[in-house]
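Worksheet for the structure shown next.
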Amino acid sequence: MTTPNIIIANWKMNLTERTATELLTSIAGIPQHVRDSLRMSIAPSACFVPLVRQMVPWITICAQDVSAFDYGAYTGDISAQMMASMGVTMSLIGHSERRYIYHENNAAIHDKLRHCARHNITPIVCVGETLEERQAGDVKSVILRQIDVLEKYSNPFMIAYEPVWAIGTGETATPDMVDRVHTFIQKSVGPDVPILYGGSVKADTIDSILRIPTVHGALVGGASLKSDEFIELVSKVAGYLDKTT
Ligand code: PGA
């Protein structure tokens with residue numbers, strides 16, 4: 001379980017049909033040995049799910065979010081059931097952009113997890129502290145509050161530790177910071193739950209992140225949008241795994 005081979009590309013609200021097609025054309029050229037050694041997933045905007053499914057059928061598709069509701073009069077929402085019906089098998093849940101921009105709270109996250117479980121979608125619950133919380137020494141209490149929603153969750157899930165101050169900023173947490181938080185999370189959620197790191201992960205930094213023994217993979221935002229950078233990043237992961245496993 002310690003093989004750090006999970007790479008999830010979080011496209012966020014980026015790309016158009018044309019640029020997504022260009023990016024997927026490059027990703028479709030990733031060599032077989034790299035594909036085989038990684039558990040790769042793309043989290044596109046919902047409108048691009050069919051495109052990803054068609055162009056790279058070997059890649060797992062991850063939703064960026066699912067609705068807290070089951071179905072019905074919720075204009076703009078996309079349900080876990082709809083995502084599952086489109087071949088989606090994973091979903092980010094509680095990404096910090098959802099928590100801070102859309103004020104998503106634990107009650108909503110709890111409902112989303114329930115829908116994921118019902119439709120066999122593996123949630124990747126995103127957790128992480130703000131800079132103020134880190135400076136106040138509150139990292140552990142913040143993370144505990146965020147993972148509290150998983151207490152009675154009995155289906156498979158993953159955690160992505162993404163310090164808010166490291167997302168899209170070019171700042172990466174030091175290996176020591178990541179290791180401490182991952183160790184703490186692993187103790188809290190149990191030994192079998194994969195824990196990913198996210199926050200300005202790039203081709204240049206992926207090696208140092210994978211070397212941290214408590215890291216099982218990475219959630220990659222900005223660097224997953226540039227084909228050269230993303231392909232270099234996944235090739236480095238495969239190279240790293242070749243050397244260490
Ligand atoms: P970033 O985003 O790699 O651009 O920092 C990561 C994320 O928010 O998942």
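Both counts, for ligands and for their atoms, begin at 1 and track the order of listing.
Applying the salt bridge (Lys or Arg N to Asp or Glu O under 4.0 Å) criterion to Glu129, with sequence neighbours excluded, gives Arg134. Tyr71 meets the ring-ring contact (aromatic ring centres under 6.0 Å, His included) test with no other residue; sequence neighbours excluded. Here Lys12 pairs with Glu97 under the salt bridge (Lys or Arg N to Asp or Glu O under 4.0 Å) rule; sequence neighbours left out.
Of the options Ile8, Val52, Ile61, a side-chain contact (heavy atoms from CB on, under 4.5 Å) to Ile42 is made by Val52 and by none of the others.
For the atom pair OG of Ser45 and CH2 of Trp11, the computed distance is 8.5 Å after rounding to the nearest 0.5 Å. Here the straight-line distance linking atom OH of Tyr197 with atom CD of Glu162 works out to 8.0 Å at 0.5 Å rounding.
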Ligand 1: which protein N/O atoms lie under 3.5 Å from its N/O atoms?
| from | atom 1 | to | atom 2 | distance (Å) |
| --- | --- | --- | --- | --- |
| ligand 1 | 2 (O) | Lys12 | NZ | 3.2 |
| ligand 1 | 3 (O) | Ser200 | N | 3.4 |
| ligand 1 | 3 (O) | Gly221 | N | 2.9 |
| ligand 1 | 4 (O) | Gly222 | N | 2.9 |
| ligand 1 | 5 (O) | Gly168 | N | 2.6 |
| ligand 1 | 5 (O) | Ser200 | N | 2.7 |
| ligand 1 | 8 (O) | Lys12 | NZ | 2.7 |
| ligand 1 | 8 (O) | His95 | NE2 | 2.7 |
| ligand 1 | 9 (O) | Asn10 | ND2 | 3.3 |
| ligand 1 | 9 (O) | His95 | NE2 | 3.3 |
| ligand 1 | 9 (O) | Glu162 | OE1 | 3.4 |
| ligand 1 | 9 (O) | Glu162 | OE2 | 2.7 |

